[in-house]
A.B. asks: 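Before anything else, here's the structure in question.
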Amino acid sequence: MSVDKETFVILKDSVTRFVRERLMPAEDTVEEHDVVPDDIVSDMKELGLFGLSIPDEYGGIGLTMAQECEIAFELGQTALAFRSVIGTNVGIGSQGILMDGTEEQKRTYLSRIASGDLIVSFALTEPDSGSDAASIKTRAEKVGDDYVLTGSKRFITNAPRAGAFTLMARTDGPGPGGISAFIVPADLPGISLGKPDQKMGQRGTKTCDVLLDQVRVPSGNVIGGTPGHGFKTAMKVLDRGRLHVSALACGMARRILDESIAYAKQRRQFGQRIGDFQLVQAMLADSQAELIAGWSMVQSVARRYDKKPTGTFDANVSMEASCAKMFTTEMVGRVADRGVQVHGGAGYINEYKVERFYRDVRLLRLYEGTTQIQQLVIGRHLMNAA
Ligand code: COS
């Protein structure tokens with residue numbers, strides 16, 4: 001699945017223009033009101049952004065991972081809340097269905113996910129199970145033709161907007177093999193939402209708990225039809241998501257660097273532009289070099305990701321996706337820190353964008369696997385490789 005080069009160039013240009021002309025001017029509104037305006041969400045639907053990763057036979061655009069990363073880079077150059085609106089449909093919410101779902105599940109859900117008419121969230125994390133994903137406790141008991149789900153899910157991105165969840169629950173004994181992935185419509189009796197999470201940054205993104213009390217889900221909603229594969233589905237989805245987040249981190253690094261350069265050209269001290277001082281140039285240079293390193297890594301890993309058959313697990317590519325996630329999200333943290341430093345006191349003031357981007361990028365080192373989990377994936381792979 002891919003779009004031809006010419007169509008992709010047109011799409012990318014439209015996204016670049018959309019980011020500059022529509023999203024950047026709305027950043028302050030999002031920060032102030034903690035919400036992405038509905039008219040922007042409608043425009044995102046019209047541009048096809050909800051369906052970037054879904055093949056055209058299911059109503060999406062069908063980008064390759066490398067192409068998706070280029071679009072994520074563009075979207076990363078504005079407040080991350082905008083990308084978050086489409087993030088779960090493009091990535092962790094839809095990909096389990098696409099990779100491991102039955103044909104009927106794909107036909108039932110993917111076109112509505114691609115159009116943005118159905119928002120889908122990914123529900124793995126629980127109050128007592130974050131990094132240790134194989135320890136989830138949410139139970140799914142087989143009762144007749146249904147499963148009855150009880151438990152709670154935590155920090156679920158887009159849950160307040162979601163029409164469905166791809167949700168991991170325990171159908172069998174302990175460990176990864178006892179976990180199954182379900183498609184759970186959000187309006188089933190027994191589902192309720194916690195209060196919206198108040199976060200450090202990324203205002204406009206919506207996360208909350210999802211509580212399940214005896215929720216009856218038809219057994220036909222087990223992704224792929226066979227229980228016990230949910231952990232592997234979740235891990236494959238996260239490998240892919242980690243690359244997308246890496247591209248986003250690079251986009252945000254680009255934006256912070258652009259803001260920093262603009263400030264360094266305009267701000268004068270000691271009778272000259274601060275950017276004419278070599279110590280300021282050194283900070284800009286370090287950020288530029290790290291950005292090139294990170295973006296090169298993302299592009300090359302994404303190209304390797306595209307070479308493996310859709311939905312398959314390749315331990316080497318998985319390890320490389322973790323390298324990209326670890327490096328780029330740590331990198332953008334350093335770029336944001338330097339961005340604040342270049343701005344001096346102004347960098348601590350909310351009206352300058354770097355203050356909020358500094359807070360926004362902090363999440364990138366946490367979600368879809370902390371830096372320490374990426375280190376663990378990489379380290380284990382190195383120790384286990386023949
Ligand atoms: N793709 C497919 N299968 C995978 C996989 C991947 N990326 N990673 C592991 N697996 C498979 C393993 O091959 C193993 O299969 P077998 O039982 O057939 O041998 C099985 O899954 C269990 O793997 P493992 O033993 O490595 O599981 P662990 O419990 O040790 O957990 C980590 C591995 C820590 C890597 C995993 O729990 C993890 O990624 N945690 C972070 C979760 C996360 O990112 N949360 C963010 C929330 S979503 S925003």
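Values reported hereafter were calculated over all heavy atoms of this structure, with side chains retained and with hydrogens, waters and symmetry mates removed. Whatever order the structure lists them in is the order used to number ligands and atoms, beginning at 1.
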A.B. asks: Could you tell me which atoms of ligand 1, counted from 1 in the order shown, lie closer than 4.0 angstrom to a heavy atom of Ser318?
C.D. replies: 7 (N)

A.B. asks: Sequence neighbours excluded, which residues qualify as side-chain hydrogen bond (donor to acceptor under 3.5 Å, both in side chains) partners of Gln269?
C.D. replies: none

A.B. asks: Need the ligand 1 atom indices (1-based, order shown) with element for anything under 4.0 Å from a heavy-atom of Lys236.
C.D. replies: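 Listed by number with element: 1 (N), 2 (C).
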
A.B. asks: Atom 29 (O) of ligand 1: which protein heavy atom is closest, and how many Å away?
C.D. replies: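 In this structure, atom 29 (O) of ligand 1 has Ala134 CB, 3.5 Å as its nearest protein heavy atom.
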
A.B. asks: If you round to the nearest 0.5 Å, how far is CE of Met99 from NZ of Lys232?
C.D. replies: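 Nearest 0.5 Å value for the NZ-CE distance: 14.5 Å.
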
A.B. asks: Would you say Gly369 has any N or O atom under 3.5 Å from an N or O of ligand 1, going by distance alone?
C.D. replies: yes

A.B. asks: Nearest non-hydrogen contact with atom 16 (P) of ligand 1 belongs to which option: Lys232, His381, Arg380, Arg240?
C.D. replies: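 Going through Lys232, His381, Arg380, Arg240 one by one, Lys232 has the nearest heavy atom to atom 16 (P) of ligand 1.
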
A.B. asks: Does the pair Asp100/Lys236 count as a salt bridge with the N-to-O cut at 4.0 Å?
C.D. replies: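 The answer is yes: the pair qualifies as a salt bridge.
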
A.B. asks: Just going by heavy-atom distances, which of Glu368, Gln374, Arg242 is nearest to atom 39 (O) of ligand 1?
C.D. replies: Arg242

A.B. asks: Protein non-hydrogen atoms only, distance under 4.0 Å: does atom 12 (C) of ligand 1 have such a neighbour?
C.D. replies: no

A.B. asks: Against heavy atoms of Thr125, which atoms of ligand 1 measure under 4.0 Å?
C.D. replies: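 In order of number, 47 (C).
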
A.B. asks: Closest non-hydrogen protein atom to atom 40 (N) of ligand 1, residue and atom name please, with distance?
C.D. replies: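 Sorting protein heavy atoms by distance from atom 40 (N) of ligand 1 puts Ser131 O, 2.8 Å first.
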
A.B. asks: Starting from atom 23 (O) of ligand 1, which protein heavy atom do you reach first, and at what distance in Å?
C.D. replies: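 Closest protein heavy atom to atom 23 (O) of ligand 1: Phe231 CE2, 3.8 Å.
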
A.B. asks: Run the salt-bridge test on Asp43 and Arg22 with the 4.0 Å N-O cut-off and return the result as yes or no.
C.D. replies: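 Yes.
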
A.B. asks: Would you say Gln105's side chain and Val222's backbone share a donor-acceptor pair under 3.5 angstrom?
C.D. replies: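 Checking the backbone N and O of Val222 against the side chain of Gln105, a donor-acceptor pair under 3.5 Å is found.
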
A.B. asks: Hey, are Lys137 and Glu126 close enough for a salt bridge, meaning a charged N less than 4.0 Å from a carboxylate O?
C.D. replies: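 No salt bridge links Lys137 with Glu126.
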
A.B. asks: Taking NZ, NE, NH1 and NH2 as the nitrogens, is one of them in Arg334 or Asp337 under 4.0 Å from a carboxylate oxygen of the other?
C.D. replies: no

A.B. asks: Which side-chain N or O atoms in residues 29-36 pair as donor and acceptor under 3.5 Å with protein atoms at least two apart or in another chain?
C.D. replies:
residue, atom, partner, partner atom, Å
Glu31, OE2, Arg359, NH2, 3.1
Asp34, OD1, Gly204, N, 2.6

A.B. asks: Which atoms from ligand 1 have a heavy atom of Leu238 less than 4.0 Å away?
C.D. replies: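 By the 4.0 Å cutoff, the relevant atoms are 43 (C), 44 (O), 48 (S).
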
A.B. asks: Can Lys308 be said to sit on top of Tyr305's aromatic six-ring, NZ or CZ under 6.0 Å from centre and within 45° of the ring axis?
C.D. replies: yes

A.B. asks: Could you list the atoms of ligand 1 found under 4.0 angstrom from a heavy atom of Asp239?
C.D. replies: 1 (N), 6 (C), 7 (N)

A.B. asks: Pick, from Phe155, Tyr367, Phe313, the option with the minimum heavy-atom distance to atom 6 (C) of ligand 1.
C.D. replies: Phe313

A.B. asks: Any salt bridge linking Asp258 with Arg254? Criterion: basic side-chain nitrogen under 4.0 Å from a carboxylate oxygen.
C.D. replies: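 The answer is yes: the pair qualifies as a salt bridge.
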
A.B. asks: Could you tell me which atoms of ligand 1, counted from 1 in the order shown, lie closer than 4.0 angstrom to a heavy atom of Phe122?
C.D. replies: 48 (S)

A.B. asks: Any protein heavy-atom neighbour for atom 26 (O) of ligand 1 (distance below 4.0 angstrom)?
C.D. replies: yes

A.B. asks: Of the backbone atoms (N, CA, C, O) and the side-chain heavy atoms from C-beta on, which set of Val377 has a member under 4.0 Å from an atom of ligand 1: side chain, backbone, both, or neither?
C.D. replies: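 Just the side chain.
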
A.B. asks: I need the nearest protein heavy-atom contact for atom 5 (C) of ligand 1: residue, atom name and distance, please.
C.D. replies: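 Nearest neighbour among protein heavy atoms for atom 5 (C) of ligand 1, to 0.1 Å: Met235 CB, 3.4 Å.
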
A.B. asks: Would you check, one step at a time, whether the test ring-ring contact (aromatic ring centres under 6.0 Å, His included) holds for Phe122 with Phe165?
C.D. replies: CA-CA 6 Å; Phe122 179 76; Phe165 302 98; over 10 Å; no

A.B. asks: Identify which of Gly311, Gly130, Ala133, Gly175 has a heavy atom lying nearest to atom 45 (N) of ligand 1.
C.D. replies: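 Considering heavy atoms of Gly311, Gly130, Ala133, Gly175, the nearest to atom 45 (N) of ligand 1 sits in Gly130.
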
